[in-house]
Amino acid sequence: EVQLVESGGGLVQAGGSLRLSCAYSGFTFDDYAIGWFRQAPGKEREGVSCFSSTDFSTSYVDSVKGRFTISKDFAKKTLYLQMNNLKHEDTAVYYCVVKGPWYGGCSVIRGPPAGMDYWGKGILVTVSS
């Protein structure tokens with residue numbers, strides 16, 4: 001059974017930093033895309049960032065490029081999202097997501113949420129202005 005457990009959220013002032021973690025387990029496949037979606041109050045879920053196990057590529061939504069960095073510790077089976085220079089509009093519930101088995105790289109993160117196969121419970125990030 002695939003399990004995704006997020007941690008590291010909280011309250012931070014604008015301009016500050018947070019690092020989200022996603023501990024994953026139960027994968028029965030080697031090729032997948034793993035990343036983050038978020039849902040801001042009153043808005044639809046959107047893909048934020050992705051890491052592809054197939055080609056080790058990464059992807060980011062335009063609004064976070066240059067501020068967020070996705071990384072993966074294979075030994076610890078943990079995905080990270082380092083978020084710097086946070087803005088009020090980054091306030092959202094952040095979800096760790098996986099699509100697998102999947103050989104299509106990170107294109108899936110730009111698609112609808114329904115395209116992902118597994119979801120964590122989500123963690124709240126609040127950025128005060």
Side-chain angles (χ1 to χ4, degrees):
E1 178 185 2
V2 172
Q3 291 191 333
L4 306 170
V5 180
E6 302 99 336
S7 61
L11 174 64
V12 64
Q13 289 187 333
S17 298
L18 280 176
R19 188 177 77 161
L20 302 183
S21 299
C22 171
Y24 59 89
S25 62
F27 288 14
T28 58
F29 37 82
D30 295 325
D31 293 276
Y32 55 88
I34 185 169
W36 301 88
F37 266 69
R38 69 183 178 186
Q39 186 166 22
K43 295 188 176 182
E44 295 183 351
R45 292 186 184 184
E46 66 167 350
V48 176
S49 183
C50 169
F51 176 92
S52 169
S53 75
T54 302
D55 57 11
F56 287 58
S57 63
T58 59
S59 177
Y60 301 89
V61 68
D62 286 346
S63 60
V64 308
K65 285 181 180 177
R67 300 188 298 121
F68 290 12
T69 303
I70 193 169
S71 62
K72 192 169 176 290
D73 187 321
F74 290 86
K76 294 182 178 180
K77 292 188 177 181
T78 302
L79 181 75
Y80 301 101
L81 185 68
Q82 178 66 44
M83 305 184 295
N84 298 329
N85 190 22
L86 282 160
K87 303 177 180 181
H88 179 66
E89 51 265 39
D90 294 317
T91 295
V93 176
Y94 285 72
Y95 298 89
C96 183
V97 297
V98 171
K99 183 169 183 68
W102 173 250
Y103 307 93
C106 279
S107 60
V108 66
I109 206 71
R110 294 186 287 274
M116 307 307 294
D117 297 317
Y118 305 97
W119 290 75
K121 292 183 179 180
I123 192 161
L124 179 61
V125 171
T126 303
V127 184
S128 61
S129 55

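In this chain, numbering begins with 1 at the start of the sequence shown.
The CZ atom of Arg67 sits 12.5 Å away from atom NZ of Lys65, with the distance rounded to the nearest 0.5 Å. Distance check, rounded to the nearest 0.5 Å: OG of Ser17 to CE of Met83 gives 8.5 Å.
Cluster annotation: Tyr80 is not connected to Phe37 through the hydrophobic network of ILVMFWY side chains, with a link wherever side-chain heavy atoms come within less than 4.5 Å. Under a hydrophobic-cluster definition in which Ile, Leu, Val, Met, Phe, Trp and Tyr are linked whenever side-chain heavy atoms come within less than 4.5 Å, directly or via other members, Val93 and Trp36 are assigned to different clusters.
At least one side-chain heavy atom of Leu79 sits under 4.5 Å from a side-chain heavy atom of Ile70. Side-chain atoms of Arg38 and Thr91, non-hydrogen and from C-beta on, never get closer than 4.5 Å to each other. A 4.5 Å side-chain heavy-atom check between Phe51 and Phe56 finds at least one atom pair inside the cut-off. Looking at Phe68 and Val61, their side chains never come closer than 4.5 Å, going by heavy atoms from C-beta outward.
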Cut-off 3.5 Å, no hydrogens considered: what does the side-chain donor-acceptor table look like for residues 21-31, sequence neighbours left out?
| unit_1 | atom_1 | unit_2 | atom_2 | d |
| --- | --- | --- | --- | --- |
| Tyr24 | OH | Lys72 | NZ | 2.7 |
| Asp31 | OD1 | Thr54 | OG1 | 3.1 |

Give the table of side-chain donor-acceptor pairs shorter than 3.5 Å for residues 95-124, with sequence neighbours excluded, one pair per line with atom names and distance.
| unit_1 | atom_1 | unit_2 | atom_2 | d |
| --- | --- | --- | --- | --- |
| Tyr95 | OH | Arg45 | NH2 | 3.3 |
| Lys99 | NZ | Gly115 | O | 3.0 |
| Trp102 | NE1 | Gly105 | O | 2.8 |
| Ser107 | OG | Gly104 | O | 3.2 |
| Arg110 | NH1 | Ser59 | OG | 3.1 |
| Asp117 | OD2 | Gly100 | N | 3.0 |

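In plain terms, the two heavy atoms of Val12 and Gly16 that are nearest each other are CG2-CA, 3.9 Å.
A donor-acceptor pair under 3.5 Å is absent between the side-chain atoms of Tyr60 and the main chain of Cys50, judged by distance alone. Here the side chain of His88 pairs a donor or acceptor atom with the backbone of Val127 at under 3.5 angstrom.
Residues Asp73 and Thr78 have side chains that never bring a donor and an acceptor to within less than 3.5 angstrom of each other.
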For this session: Take Leu18 and Leu86 through the side-chain contact (heavy atoms from CB on, under 4.5 Å) test and state the conclusion after the steps.
Result: CA-CA 8 Å; Leu18 280 176; Leu86 282 160; 4.2 Å; yes
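For residues 5-17, there are no salt bridge (charged side-chain N to carboxylate O under 4.0 Å, His left out) pairs, not counting sequence neighbours.
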